[in-house]
Student: 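Right, I'll just put the structure down here and ask away after.
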Amino acid sequence: MINGIILYIVAIVLVIISFTNDRNKTKDALFKSGRMFLNILPDMLSIMLFVGLSLSILTPSLISSVIGEKSGFIGVIYSVMIGSVALIPSFVVFPLGSTLVQNGAGLPQVAALMSTLMSVGLTSLPMEQKIFGRSFALSRNACAVLMSVIFSYIVWLVMT
């Protein structure tokens, strides 16, 4: 909370400094950023709606029953598939991972789920393609899936 307040104060101070130096450039920059925000807003709202619905349907107990300690490599594949649905920030993912481990999920499976939740986002893919281009978005997501599987395998080797 305090960090957010500090960031807002710094941003406001910097905008005031910019405004005193060159009013026209600051107005143009604020107008362009506002337009960009309005262009992205429908996509962001649909992603937030989908993530909220997904988290209400896929409860931690349901997920841990699918990716339990004995599920093995199939559990890792399920984790990658479940985690690839939505791009979720780390402050949500880490408590979810802790809850899953407490409910009996395996560490390699949770590692795959957590890393894909934070790095792969199929629901945000259309927006990412619009902003960065199709080939970049697809290759970034494919690399993120591969890295998540490798990370899960390393956890599997270390923890077993």
Side-chain angles (χ1 to χ4, degrees), residues 1-12 33-160:
M1 176 83 175
I2 299 297
N3 291 338
I5 293 171
I6 292 171
L7 287 174
Y8 282 125
I9 290 171
V10 168
I12 289 170
S33 64
R35 250 191 352 228
M36 288 175 63
F37 175 74
L38 290 176
N39 285 338
I40 293 175
L41 187 62
D43 293 330
M44 289 298 295
L45 289 176
S46 64
I47 290 168
M48 290 170 63
L49 177 68
F50 186 77
V51 167
L53 289 173
S54 298
L55 290 177
S56 65
I57 294 169
L58 301 173
T59 62
S61 60
L62 173 68
I63 294 173
S64 63
S65 69
V66 173
I67 60 171
E69 289 181 30
K70 305 226 187 286
S71 63
F73 185 70
I74 297 296
V76 171
I77 298 301
Y78 288 150
S79 296
V80 168
M81 289 172 24
I82 293 169
S84 295
V85 172
L87 192 62
I88 299 177
S90 59
F91 65 87
V92 175
V93 172
F94 289 125
L96 175 65
S98 173
T99 303
L100 291 172
V101 170
Q102 290 172 357
N103 287 331
L107 289 176
Q109 292 83 357
V110 172
L113 179 70
M114 290 174 64
S115 61
T116 52
L117 278 172
M118 290 186 287
S119 61
V120 182
L122 295 180
T123 56
S124 61
L125 189 61
M127 182 178 69
E128 191 175 350
Q129 287 177 348
K130 187 188 309 182
I131 294 171
F132 297 115
R134 180 183 172 107
S135 63
F136 175 81
L138 291 175
S139 61
R140 189 201 67 75
N141 278 289
C143 287
V145 167
L146 179 64
M147 288 295 126
S148 297
V149 171
I150 292 171
F151 174 64
S152 175
Y153 180 69
I154 292 170
V155 170
W156 199 329
L157 289 177
V158 171
M159 299 309 291
T160 55

Student: Rounded to the nearest 0.5 Å, what's the gap from CE on M36 to CD1 on I131? Could you check?
Tutor: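 The distance works out to 7.5 Å.
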Student: Measuring from I82:CD1 to T116:OG1, what's the distance to the nearest 0.5 Å?
Tutor: 9.0 Å
Student: To the nearest 0.5 Å, what is the distance between CD1 on I67 and CG on L107?
Tutor: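 Reported value, rounded in 0.5 Å steps: 10.5 Å.
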Student: With side chains defined as the heavy atoms from C-beta onward, is the minimum distance between L122 and V85 less than 4.5 Å?
Tutor: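 Not in contact.
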Student: Go through the structure and list residues passing side chain to side chain donor-acceptor pair (under 3.5 Å) with S119, not counting sequence neighbours.
Tutor: none
Student: Between atom CG of L113 and atom CE of M118, what is the distance when rounded to the nearest 0.5 Å?
Tutor: 9.5 Å
Student: Among residues at least two apart in sequence or on other chains, which ones pass ring-ring contact (aromatic ring centres under 6.0 Å, His included) with F73?
Tutor: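 So F73 forms no ring-ring contact (aromatic ring centres under 6.0 Å, His included) with any residue.
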Student: With Q109, which of S79, S152, S71 fulfils side chain to side chain donor-acceptor pair (under 3.5 Å)?
Tutor: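 Considering S79, S152, S71, a side chain to side chain donor-acceptor pair (under 3.5 Å) with Q109 is found only for S71.
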Student: Would you please name every residue forming a side chain to side chain donor-acceptor pair (under 3.5 Å) with S115, sequence neighbours left out?
Tutor: S148
Student: What distance do S124 atom OG and Q129 atom CD have between them, rounded to the nearest 0.5 Å?
Tutor: 10.0 Å
Student: The criterion is salt bridge (Lys or Arg N to Asp or Glu O under 4.0 Å); which residues satisfy it with R134, sequence neighbours excluded?
Tutor: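 Partners of R134 under the salt bridge (Lys or Arg N to Asp or Glu O under 4.0 Å) test: none.
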Student: Just to verify, what does V66 make a side chain to side chain contact (heavy atoms under 4.5 Å, CB included) with, not counting sequence neighbours?
Tutor: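 Residues passing side chain to side chain contact (heavy atoms under 4.5 Å, CB included) with V66: Y78.
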Student: By the ring pair (Phe, Tyr, Trp, His ring centres under 6.0 Å) test, which pairs, at least two apart or in different chains, include something from residues 100-135?
Tutor: F132-F136
Student: Do M114 and L100 come within less than 4.5 Å of each other through their side chains, counting heavy atoms only?
Tutor: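 Result no, sub-4.5 Å side-chain heavy-atom pair not found.
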